[in-house]
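Everything numeric here is computed off the predicted structure, so don't read it as measured data. We use all heavy atoms of the structure for the numbers below, so side chains are in, but hydrogens, waters and symmetry mates are not.
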Amino acid sequence: MSKKVTRLGCLLICLCFLLPSIPAKAETPEEWVTLGKRIHGGFGSYIALGIRIGLDAMKRLDTNPRELDVTYFDGANAPCPCVADGIMIATVATPGQNSLRVISSKSDSSNFGVVVIKNKKTGELLRYVIPAAARSLLDKWNQDLGDRQRYDAVMNAPTDSLFRVDKDKKKYEESPKV
């Protein structure tokens, strides 16, 4: 009996060391909506867009949550920087960790916003440009759809209707223009 207890104890200790190296499973759509409501106070298409951008960046940069540095530049036509809250939820980059910044630039009317996301380990950068034209689509979903349907609409929309991605390792390290 004591050999079984010893083996079980050893197994549990090994599992404790192994589990932190296993990546967490992706959230379900319902969990993303719940997180968005809890963090932002409601769930709209701007939050869903931020989640989509954050998940896309982690995939493209081959990173996990907390391994990204994010700067969101609010565009002239954006009513709020809500997209940044969605990015924060997906990437776990936060102002408290100094890994998420929101810059209220309001300079370029052709963009809803610009997001620069950097892999902290490699320095590789992605620049997401959200065109001003995306606002009418996002606002329509906010008016016509419920929370989960907004999430689905954003996640299933063609990428080019919501954003484009520029990839350049050094080009956007300085203050990117919105």
Engineer: Which atom names give the shortest non-hydrogen contact between Ala84 and Val102, and what distance separates them?
Structural biologist: CB-CG2, 3.7 Å
Engineer: Apply side-chain contact (heavy atoms from CB on, under 4.5 Å) to residues Lys37 and Asp147 and explain how you reach the verdict.
Structural biologist: CA-CA 9 Å; Lys37 286 179 177 180; Asp147 295 342; 2.6 Å; yes
Engineer: Are side-chain N/O atoms of Arg66 and Thr91 paired as donor and acceptor at under 3.5 Å?
Structural biologist: no
Engineer: Just by distance, do the side chain of Ser161 and the backbone of Ala157 share a donor-acceptor pair under 3.5 Å?
Structural biologist: no
Engineer: Any side-chain heavy atom of Val116 within less than 4.5 Å of one from Phe73?
Structural biologist: yes
Engineer: Please report the closest heavy-atom contact between Pro29 and Tyr151, naming both atoms and the distance.
Structural biologist: CB-CE2, 3.4 Å
Engineer: Same cluster or not: Ile53 versus Val92, using hydrophobic residues (I, L, V, M, F, W, Y) connected whenever any side-chain heavy atoms lie under 4.5 Å apart?
Structural biologist: no
Engineer: Treat each ILVMFWY residue as a node, draw an edge where side-chain heavy atoms are under 4.5 Å apart, and state whether Ile39 and Val33 are in one component.
Structural biologist: yes
Engineer: State, with a plain yes or no, whether a side-chain heavy atom of Ile130 is found less than 4.5 Å away from one of Asn111.
Structural biologist: no
Engineer: For Ser45 and Asp139, work out which heavy atoms get closest and say how close.
Structural biologist: OG-N, 4.4 Å
Engineer: So, taking the atom named OG1 in Thr28 and the one named CH2 in Trp32, what distance separates them when rounded to the nearest 0.5 Å?
Structural biologist: 9.5 Å
Engineer: Look at the side chain of Arg150 and the backbone N and O of Leu145, then say whether any donor-acceptor pair between them is shorter than 3.5 Å.
Structural biologist: yes
Engineer: Does Val165 share a hydrophobic cluster with Ile117, counting links as ILVMFWY side-chain heavy atoms below 4.5 Å and allowing steps through other members?
Structural biologist: yes
Engineer: Side chains of Val83 and Asp74: does their closest heavy-atom pair fall under 4.5 Å?
Structural biologist: no
Engineer: Taking all non-hydrogen atoms of both residues into account, name the closest pair between Ser99 and Ala93 and its distance.
Structural biologist: OG-CA, 3.3 Å
Engineer: What I'd like to find out is whether the side chain of Tyr46 reaches to under 4.5 Å of the side chain of Asn142, using heavy atoms alone.
Structural biologist: yes
Engineer: Specify the closest pair of heavy atoms between Asn119 and Leu68, including all atoms of both residues, with the distance to one decimal.
Structural biologist: CA-CD2, 3.9 Å
Engineer: Would Thr159 and Arg52 satisfy side chain to side chain donor-acceptor pair (under 3.5 Å), going step by step from the backbone distance to the final call?
Structural biologist: CA-CA 10 Å; Thr159 300; Arg52 181 167 174 183; 2.8 Å; yes
Engineer: Is any NZ, NE, NH1 or NH2 atom of the basic residue among Asp69 and Lys118 found under 4.0 Å from an Asp or Glu carboxylate oxygen of the other?
Structural biologist: no
Engineer: Mind listing the closest non-hydrogen atom pair of Gly113 and Tyr72 along with its distance?
Structural biologist: CA-OH, 3.9 Å
Engineer: Under a 4.5 Å cut-off applied to non-hydrogen side-chain atoms, are Lys121 and Thr63 in contact?
Structural biologist: no
Engineer: Roughly how far, to the nearest 0.5 Å, is the CZ atom of Phe163 from the CZ atom of Phe112?
Structural biologist: 13.5 Å
Engineer: With rounding to the nearest 0.5 angstrom, report the CG to CD distance, Leu35 to Glu30.
Structural biologist: 12.0 Å
Engineer: Looking at Arg135 and Asn77, would you say the former's side chain and the latter's main chain have a donor-acceptor pair under 3.5 Å?
Structural biologist: yes
Engineer: With a 4.5 Å heavy-atom cut-off, do Val70 and Arg101 have their side chains touching?
Structural biologist: no
Engineer: Out of curiosity, Leu126 CG to Met58 CE, how far, rounded to the nearest 0.5 Å?
Structural biologist: 12.5 Å
Engineer: Decide yes or no for Ile47 and Ile89: does some side-chain heavy atom of the first lie under 4.5 Å from some side-chain heavy atom of the second?
Structural biologist: yes
Engineer: Contact between Ile51 and Ile87 at the side-chain level, heavy atoms closer than 4.5 Å - yes or no?
Structural biologist: no
Engineer: Show your working on side-chain contact (heavy atoms from CB on, under 4.5 Å) between Arg127 and Val115 and close with a plain yes or no.
Structural biologist: CA-CA 6 Å; Arg127 181 176 184 258; Val115 189; over 6 Å; no
Engineer: Decide, yes or no, whether a salt bridge links Arg148 with Asp152 under the criterion of side-chain N to carboxylate O below 4.0 Å.
Structural biologist: yes
Engineer: Between Asp56 and Arg60, does at least one N-O distance fall below 4.0 Å, as a salt bridge requires?
Structural biologist: yes
Engineer: Within a 6.0 Å radius of atom NZ on Lys120, are there more than 12 heavy atoms belonging to other residues, nucleotides or ligands?
Structural biologist: yes
Engineer: Kindly say whether Thr94 contributes a backbone atom to a donor-acceptor pair with the side chain of Gln97 at under 3.5 angstrom?
Structural biologist: no
